[in-house]
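What follows is a short report on a single structure.
A, B, ... follow the sequence lines: proteins, then strands. Residue 1 opens every chain.
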Amino acid sequence: MVCCLTTTVFAEGFIGSVKTLTGKGYVVRKGDLQPIEVGGHIFQDDTLVTVRNSTMDVIFRDDTRLSLGPNTELNIDEFIFDPLHDDMSFLAQMRTGSATFLTGKMAQIAPDKMQVSTPLTTIGIRGTKFLISVEPEVK
Amino acid sequence: MRTAQLALLMLALLLFAACAKEVGPPPAAEAPAPNGPLATVLLLADPDGHVGTVVVTGRKGDLTVLDKEAYAVQVDQDKRLTKQFQMSKADIDRQLGQTLKAFPEAPATFILYFKGKTTSLTSESTKLLAAIGKTFWERK
């Protein structure tokens with residue numbers, strides 16, 4: 001019973017889900033690399049991974065859309081969307097590869113709360129669509 | 001008899017191999033192009049044509065504000081931000097086309113209204129049902 005309750009709480013805490021997937025997509029969750037399928041849930045602190053000739057599209061709870069190109073690794077450091085309590089934050093870390101973002105409701109309500117960092121840059125987002133590409137092995 | 005047993009064993013092994021799920025680590029990424037940019041940030045127009053702003057800050061404290069469609073900034077080999085520049089459609093398609101092509105369609109939103117405190121839809125909302133069904137099957 002305890003096990004069931006724990007599972008339910010965890011499942012309700014998802015921050016987004018995979019909308020489409022071409023090729024193979026993975027998620028690194030609590031240190032474990034596992035394949036993810038269309039409809040699979042994304043949680044805070046997940047690292048999304050695509051491989052060669054693979055793409056993955058994710059929709060977050062605030063309608064922010066994220067599309068990963070091939071050979072990409074992106075960690076969702078923080079995602080909080082609680083407009084009622086004015087608590088919002090989207091922090092992501094792109095390690096390598098390419099990704100397109102289209103900001104959702106969070107950027108409309110709290111435009112200074114969204115930030116994506118790469119090994120060499122920090123990108124503050126003021127409600128828009130943009131693409132980031134990071135070469136591998138950049139430190 | 002022994003041949004038949006051997007064949008059955010081989011078949012079982014083949015089925016087992018086919019059912020095994022590949023969960024190995026993803027292959028290593030390709031090496032970057034020599035002397036090419038280390039990173040690129042490109043501003044695009046929203047589906048409704050609106051163009052927002054992104055503020056790009058480099059590790060050496062340099063800063064660029066992108067607020068025009070198809071303008072980009074790159075990180076050069078010295079790890080500094082380049083001047084922003086307009087990227088041609090051909091370059092965008094060649095360098096970043098695969099990522100852009102994968103971008104999902106915007107979610108479709110339909111608002112349905114009910115008559116007073118009933119469970120009957122208004123005539124305008126009833127007319128929307130066909131469009132909702134069509135969109136569902138197109139995107140399924």
Side-chain angles (χ1 to χ4, degrees), chain A residues 19-22 24-26 32-35 49-59 63 65-73 94-104 107 111 115-139, chain B residues 21-33 36-48 50-60 62-67 69 71-76 79-81 87 92 95-107 109 139:
Chain A
K19 181 168 167 59
T20 60
L21 181 67
T22 309
K24 288 179 180 174
Y26 300 85
D32 290 331
L33 177 77
Q34 46 192 275
V49 180
T50 58
V51 294
R52 195 184 170 93
N53 296 325
S54 299
T55 61
M56 187 197 309
D57 306 317
V58 173
I59 294 197
D63 284 345
R65 290 184 286 149
L66 166 63
S67 177
L68 303 186
N71 296 320
T72 297
E73 264 188 61
M94 181 142 164
R95 294 171 188 157
T96 188
S98 57
T100 310
F101 289 79
L102 176 60
T103 54
Q115 191 171 291
V116 179
S117 61
T118 76
L120 297 173
T121 56
T122 303
I123 299 144
I125 308 157
R126 308 288 181 265
T128 194
K129 182 178 179 183
F130 68 101
L131 187 149
I132 308 175
S133 169
V134 179
E135 293 296 334
E137 311 287 332
V138 173
K139 301 285 179 205
Chain B
K21 212 170 186 180
E22 190 188 333
V23 192
E30 290 153 30
L38 300 175
T40 303
V41 180
L42 167 69
L43 184 62
L44 298 157
D46 295 357
D48 64 2
H50 167 261
V51 179
T53 304
V54 292
V55 181
V56 184
T57 310
R59 284 288 174 264
K60 296 189 174 177
D62 34 357
L63 184 144
T64 296
V65 178
L66 297 176
D67 57 7
E69 183 183 0
Y71 271 69
V73 64
Q74 294 182 318
V75 179
D76 64 21
K79 301 184 178 178
R80 289 184 184 282
L81 296 183
M87 238 177 150
I92 293 172
Q95 295 174 32
L96 309 163
Q98 200 173 3
T99 306
L100 284 174
K101 209 174 150 188
F103 198 76
E105 281 183 279
T109 305
R139 295 184 173 208

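Note on B:V65, B:V55, B:L66: by heavy-atom pairs under 4.5 Å with chain A, the leading option is B:V55. Most heavy-atom pairs under 4.5 Å with chain B: of the set A:I123, A:T103, A:T118, this distinction falls to A:I123. Interface summary for chain A: among B:V75, B:D67, B:D46, the most heavy-atom pairs under 4.5 angstrom belong to B:D46.
Heavy-atom distances place no part of B:I92 under 4.5 Å from chain A, backbone and side chain included. For A:S98, the parts lying near chain B are the backbone and the side chain together; criterion is any non-hydrogen pair under 4.5 Å. With a 4.5 Å cut-off on non-hydrogen atoms, B:A72 does not touch chain A at all. Contacts of A:A99 with chain B are made by backbone atoms alone, with heavy-atom separations under 4.5 Å and no side-chain atom involved. When heavy atoms are compared at a cutoff of 4.5 Å, B:V41 approaches chain A by way of both its backbone and its side chain.
Counting only heavy atoms from C-beta outward, the side chains of B:T99 and A:T55 never approach each other to under 4.5 Å. Residues A:P119 and B:K79 are not in side-chain contact: their nearest non-hydrogen atoms beyond the backbone lie 4.5 Å or more apart. Two residues are said to be in side-chain contact when any heavy atoms from C-beta on lie closer than 4.5 Å; B:Q98 and A:N53 meet this criterion. Here the side chains of A:V134 and B:L38 are not in contact, with every heavy-atom distance at 4.5 Å or above. You'll find the side chain of A:L102 reaches within 4.5 Å of the side chain of B:P47, heavy atoms only. B:R59 has its side chain within reach of A:T122: a pair of non-hydrogen atoms, C-beta onward, lies under 4.5 Å apart. B:T40 has its side chain out of reach of A:I132: every pair of non-hydrogen atoms, C-beta onward, lies at least 4.5 Å apart. Counting heavy atoms from C-beta outward, A:L131 and B:L100 have side chains that approach closer than 4.5 Å.
To the nearest 0.5 Å, atom CG of residue B:L44 and atom OG1 of residue A:T100 are 7.0 Å apart. B:K60 NZ to A:L120 CG: the interatomic distance, rounded to the nearest 0.5 Å, is 9.5 Å. With values rounded to the nearest 0.5 angstrom, B:T57 atom OG1 is found 8.0 Å from A:Q115 atom CD. To the nearest 0.5 Å, the span separating OG1 on A:T121 from CG on B:D62 amounts to 10.0 Å.
Atom CZ of B:R80 has 12 or fewer neighbouring heavy atoms from other residues, nucleotides or ligands inside a 6.0 Å radius.
Applying the salt bridge (Lys or Arg N to Asp or Glu O under 4.0 Å) test to A:E73 and every residue at least two apart in sequence or in another chain returns A:R95.
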